[in-house]
Colleague: 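Questions regarding the structure given below will be posed in turn.
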There are 2 protein chains.
Amino acid sequence: MQEHTDPPDGPSPGLVSTAIQAITQHIRSEGLAAGDPLPSEAAMTRQLNVSRTVVREAFRSLSAMRLIDMSAGRRATVAKLDTGAMSMVIEHGITTQQISVQQVYDVRRTIEMRTVALAALRRTNAEAAAIAQSARLMRESCKSPETVMEHDIAFHEAIAAASHNPVFSLIVTAFSGVTRRTWVIGWRTRSSDEDQLKMIKGHEDIADAILKGDPRLAAEHMAEHFDKSVKALIDAGIA
Amino acid sequence: MQEHTDPPDGPSPGLVSTAIQAITQHIRSEGLAAGDPLPSEAAMTRQLNVSRTVVREAFRSLSAMRLIDMSAGRRATVAKLDTGAMSMVIEHGITTQQISVQQVYDVRRTIEMRTVALAALRRTNAEAAAIAQSARLMRESCKSPETVMEHDIAFHEAIAAASHNPVFSLIVTAFSGVTRRTWVIGWRTRSSDEDQLKMIKGHEDIADAILKGDPRLAAEHMAEHFDKSVKALIDAGIA
DNA sequence: CAACAGAAACATGTCATACAGGTTTTTGAG
DNA sequence: CTCAAAAACCTGTATGACATGTTTCTGTTG
């Protein structure tokens, strides 16, 4: 066992932070991949010379950020990339009014203009089909707003997935939580059935452009879609 | 005290998750803003009818995500928007090889093409000065790569700040950690001093375009900058 | 009455221990 | 060799204790 830098530690960033660092460092230095098991709490307790309380709080923190998976009886494992933490940060920003819904939509627009273009260029046939399927389901379920919304969200996430860049997927998915809280507002603002169908048509246009492999057209439709969505939100008074 | 939905809880997502939800719910329902104090652990213990262990792990988890601030003796407070959690997620993705540096750069390029345009349109004079200052410092300290890097990072974060959309700042800042780990590689690939100075010149061009308030020119220079950076990384063998 | 120092009350940080389940490994009977 | 029971190991939760940091109260003093 090494001294784990105890005396030269300046003030005291807290034992838990130290433990968190030790665990992430372990993942790094051992070159662990998603699914690989981590040391048990008892092992960490011995290695760091701290109580299980501290080690547990560290594991739990990493679990909250979805960097590791925990479950009773099993050792913790390295987690697959997940959106949980980012979602919570964004939602925290919204609920504490540090960011506005409109600002989130501006970022979404920026990102999805790109994902849609990439999707048009790189989508597999299966991905193109999945995107088209979501658009179709939106039309078919247009009686139930919540169902439309879920298909809408799935639509955008499917496009992000088809960009073949998981970082885009991560961000787009992180925004889905915010979308779930504001989507209905925009839907209600589209007073007439005609407006609502026009909005669904917009999704189909995007899906078609992706199927055709035309990135410029796809981006154009996506821009239009977002401009209308933001306008709907503004009309509804979402600052 | 209410029953806090104990029996109808289905399987059992764990008491800690429940406590986390209760705390975030508290923030939401009380409309708390950054800096406002949360209930003490003892109060939460009573309210949720669980042990302090559970409540503490919940608080600690939220603290790890930087949704709340904790410090000894004081009650926890609602935290200002912070990049901590997002950084960790991105770095986790990189170290576990679930995402590549190049993919991160592609996202950065997408986002910063937008932040730079917004900055050109919305920057205050002070922000324009700060951006130009960072570029100048890059040139002045070009002997010390690490110093250049820090000014480079500050440059990009300053542009994001000048976009006046904190969500962009959040994302750009979250990527800074990755940049710190790969920047030097790109720098070394620019073998000659001339190449290095050309790269610094690129930053000055961006700063000038922002100062002039020309979003198209600014975006053009930014695109060029990223294309060269990515090329440098690819040349260095970063997949 | 006001100011201030010290005590008390309160809060978090860490530790030790205990026990209830869940999971993996070992063992032993067939 | 197979397979089921037992043992060993692991995480989830609860309780109590104490150190240390922060706020609040209080009584004394100027």
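Sequence lines set the chain letters: A, B, ... in the order given, protein chains first and strands last, and positions in each chain run from 1. As the structure is a prediction and not an experimental result, all values here were calculated from the model.
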Colleague: Below the 4.0 Å mark, does D:dT13 have OP1 or OP2 next to a side-chain nitrogen or oxygen of A:Arg60?
Modeller: yes
Colleague: DNA chain C: B:Leu38 or A:Ala72, which has the more 5' nearest nucleotide?
Modeller: B:Leu38
Colleague: Among D:dA14, D:dT13, C:dA16, which nucleotide has an atom closest to any side-chain atom of B:Val16?
Modeller: D:dT13
Colleague: Tell me the closest heavy-atom pair linking B:Thr45 and B:Arg52, and the distance in Å.
Modeller: OG1-CA, 3.6 Å
Colleague: Parallel, tilted or perpendicular, judged at 30° and 60°: which one describes the rings of A:His156 and A:His225?
Modeller: parallel
Colleague: Measure from the side chain of A:Glu41, starting at C-beta and using heavy atoms only, and say which of D:dG12, C:dG13, C:dC15 lies closest.
Modeller: D:dG12
Colleague: Taking the minimum atom-to-atom distance to the side chain of B:Val54, which one of D:dG12, D:dT13, D:dT23 wins?
Modeller: D:dT13
Colleague: Would you say the side chain of B:Arg52 and the base of C:dT14 hold a donor-acceptor pair, judged only by whether the two atoms sit under 3.5 Å apart?
Modeller: yes
Colleague: Of the non-hydrogen atoms in A:Tyr105 and A:Thr179, which two are nearest, and what is the gap between them?
Modeller: OH-CG2, 4.3 Å
Colleague: Please state whether the phosphate of D:dT11, meaning OP1 or OP2, lies under 4.0 angstrom from any side-chain nitrogen or oxygen of A:Arg75.
Modeller: no
Colleague: Taking B:His92 as the fixed residue, which of B:Val89, B:Ile94, B:Thr96 is the one that meets the side chain to side chain contact (heavy atoms under 4.5 Å, CB included) rule?
Modeller: B:Thr96
Colleague: What is the distance, to the nearest angstrom, from the CZ atom on A:Phe59 to the C1' atom on D:dT13?
Modeller: 17 Å
Colleague: Separation of B:Met70 atom CE from D:dG21 atom P, in whole Å?
Modeller: 16 Å
Colleague: For B:Thr53 and B:Ala42, find the nucleotide of DNA chain C closest to each by heavy atoms; which residue's nucleotide sits nearer the 5' end?
Modeller: B:Ala42
Colleague: Within this structure, what is the CG-to-P distance between A:Leu15 and D:dA19, rounded to whole angstrom?
Modeller: 16 Å
Colleague: Write down the distance between CD1 (B:Ile68) and C1' (C:dA11), rounded to a whole number of angstrom.
Modeller: 14 Å
Colleague: Does A:Ser144 use its side chain to pair, donor to acceptor, with the backbone of A:Ser141 at less than 3.5 Å?
Modeller: no
Colleague: Of the options C:dT23, C:dC15, C:dG13, whose atoms approach the side-chain atoms of A:Arg74 most closely?
Modeller: C:dT23
Colleague: Counting side-chain heavy atoms from C-beta on, which of D:dT11, C:dC15, D:dT15 comes nearest to A:Val50?
Modeller: C:dC15
